[in-house]
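Heavy atoms only: backbone and side chains are in, while hydrogens, waters and symmetry mates are out. Proteins get letters first, then strands, A, B, ... in listed order; numbering begins at 1 in each.
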Number of protein chains: 2
Amino acid sequence: MEYSAKQLQIIAVAEKLFSKKGFEGTSVRDIAEVAEVNVSMISYYFGSKDKLIEALFELRITESRLRIEHILLLEDLTPLQKVNIMIDSTVDRLIDNEQFQKIMMREQLSSERTTIVSKYIRDMKIRNSELMKRLITEGQEAGYFRKNIDMSLLSITLYGTIHHAIATQDYYKTLNNIEHLSGEEFRSFLKMRLKRHLKSLFKSAVFNENHT
Amino acid sequence: MEYSAKQLQIIAVAEKLFSKKGFEGTSVRDIAEVAEVNVSMISYYFGSKDKLIEALFELRITESRLRIEHILLLEDLTPLQKVNIMIDSTVDRLIDNEQFQKIMMREQLSSERTTIVSKYIRDMKIRNSELMKRLITEGQEAGYFRKNIDMSLLSITLYGTIHHAIATQDYYKTLNNIEHLSGEEFRSFLKMRLKRHLKSLFKSAVFNENHT
DNA sequence: ACCTAAATCAAACATTCGTTTGATTTTCAT
DNA sequence: ATGAAAATCAAACGAATGTTTGATTTAGGT
């Protein structure tokens, strides 16, 4: 699907407000006001509020799919280097899409209804899982990594840690006495710390034999 | 605050519905219907929908505060044993309060407004941080743990992993081919795996010197 | 049995919600 | 310049929202 400049503007505003106040907590009038368009333009362009968030998901998830597939092309690297690149790239991707990640976190919590949005999320999770599985299996078959690695929990730690860092970033700032940092300064600080932390955790997890 | 049986019933229903559909996505009529009371009883007992969720937080957070403080009394254990007990107890506490944790995750995402609810969350986070800081510092001063441990990121990995496991448990089930497990069976399976996984991660993190 | 306070109820309240309508303006190829 | 399509608008729509009202029932102490 192609979107006009005005449609992209509405989607951007919707993303901002949904991430701040949630989907149900944001009215189409809120969006229209911030986007400086008439209320009816949202139905006119997207059909409904539900279709608007579907458009947002289609747009953002298509974007990030490209970034994931890029990693599969890596060659001439050790298994650990590939895993490290995967971690770096995941941290960058999620932190750079903070607002959309917040929306996704909320959507993951709302079980029950199987919507188009939940389909998007599931497809993306499958892709992420397959990437990690491929990287780790490669390392195991090459004799580098240990055998009994719990890939699904390792994946949950990767995404859970980054998501939780996003969700509690204000508290993280106060804990580390870095309230003075600007948004962009803090974001690169957090990326750096997260990458180091997660790579260190993963390194132990794929090499050490300290499971019971 | 003391609550009558009927009030506790309303709170329990509200917790269930808030966790499934979110605060804004749940109407007081939904709650009244499931709790089998008249709509006006919610205002009558709690004052408002906002006050209702505040009551829920007061109740649940007071409960869990007791479980946290219990750990501080531990003695005659190695630093690593204490950390392991803290992890076990955190996994149990969060998984056993799955519904409330979902509500908390959503509330953490809604920045902006500083409500009574966000005050509860912040206080609880401070307590959690102080507990972890104490346990780790103890281990460092005893010469067991290494010096440069990033406690705040370690804490984010602990809670982030458990939270993400709760949020994506359906996908985790399909990934591991355990859709046939009952709710309770799955919950104890997940607890077991999470404890093993997190204790292994923490053990490497506090001992190994593989940071850059 | 009586009385008061608590509990319960159906109904109404004023807002806000997402969406539609129908008229008007803008755009742009011809 | 003209005309048809696209874009924009204020206004209205019905449904749903949280809350209040005022009457009625229930409960429990005296």
**Message:** Expressed as a whole number of angstroms, how long is the span from B/E54:CD to D/dG18:P?
**Reply:** 15 Å
**Request:** Consider the side chain of B/S48, meaning its heavy atoms from C-beta on, and name the nucleotide among C/dA10, C/dA7, D/dT19 that approaches it most closely.
**Result:** D/dT19
**Request:** Please check the phosphate of C/dT8 (OP1 and OP2 only) for any side-chain N or O of B/Y45 closer than 4.0 Å.
**Result:** yes
**Asked** Quick one: B/E36 CD to C/dA7 C1', roughly how many Å, whole number?
**Response** 16 Å
**Request:** Please confirm whether A/K173 makes a cation-pi placement over A/F186, using NZ or CZ under 6.0 Å from the six-membered ring centre and within 45° of the ring normal.
**Result:** yes
**Message:** Check this one for me: any side-chain N or O of B/Y44 less than 4.0 Å away from OP1 or OP2 of C/dT8?
**Reply:** no
**Request:** Round to a whole Å and report the spacing from CD1 of A/I42 to C1' of C/dT20.
**Result:** 14 Å
**Message:** Using the side-chain heavy atoms of B/V39, tell me which of these nucleotides is nearest: D/dT19, D/dA7, D/dT20.
**Reply:** D/dT19
**Over-ring placement of B/K125 relative to B/Y120, 6.0 Å and 45° cut-offs** = no
**Message:** Which label fits B/Y3 and B/F46: parallel for a plane angle under 30°, tilted from 30 to 60°, or perpendicular past 60°?
**Reply:** tilted
**Request:** Whole angstrom is fine here: how far is it from CD in A/E24 over to P in D/dA16?
**Result:** 15 Å
**Message:** Taking the nucleotide of DNA chain C with the nearest heavy atom to each, does B/S4 or A/K49 sit closer to the 5' end?
**Reply:** B/S4
**Asked** Are A/K133 and A/E130 within salt-bridge range, i.e. N to O under 4.0 Å?
**Response** no
**Request:** Select one nucleotide: of C/dT20, C/dT19, D/dT20, the one nearest the side-chain heavy atoms of A/S40.
**Result:** C/dT20
**Prompt:** Once you round it to whole Å, what is the distance between P of D/dT20 and CE of B/M41?
**Reply:** 14 Å
**Request:** Find the distance A/D30:CG to C/dG18:C1' and express it as a whole number of Å.
**Result:** 12 Å
**Asked** Given atom NZ of B/K51 and atom P of D/dG18, what is their separation to the nearest angstrom?
**Response** 16 Å
**Request:** Check whether any side-chain nitrogen or oxygen of B/N38 sits under 4.0 Å from OP1 or OP2 of C/dA7, and answer yes or no.
**Result:** no
**Prompt:** In terms of the angle between their ring planes, are B/Y172 and B/F189 parallel, tilted or perpendicular, with boundaries placed at 30° and 60°?
**Reply:** tilted
**Prompt:** Rounding to a whole Å, what distance do you find between B/K21:NZ and D/dA16:P?
**Reply:** 13 Å
**Request:** Report yes if at least one side-chain N or O of A/K6 is closer than 4.0 Å to OP1 or OP2 of D/dA6; otherwise report no.
**Result:** no
**Message:** So, OP1 or OP2 of D/dA16: does either fall under 4.0 Å of a side-chain N or O from B/S27?
**Reply:** no
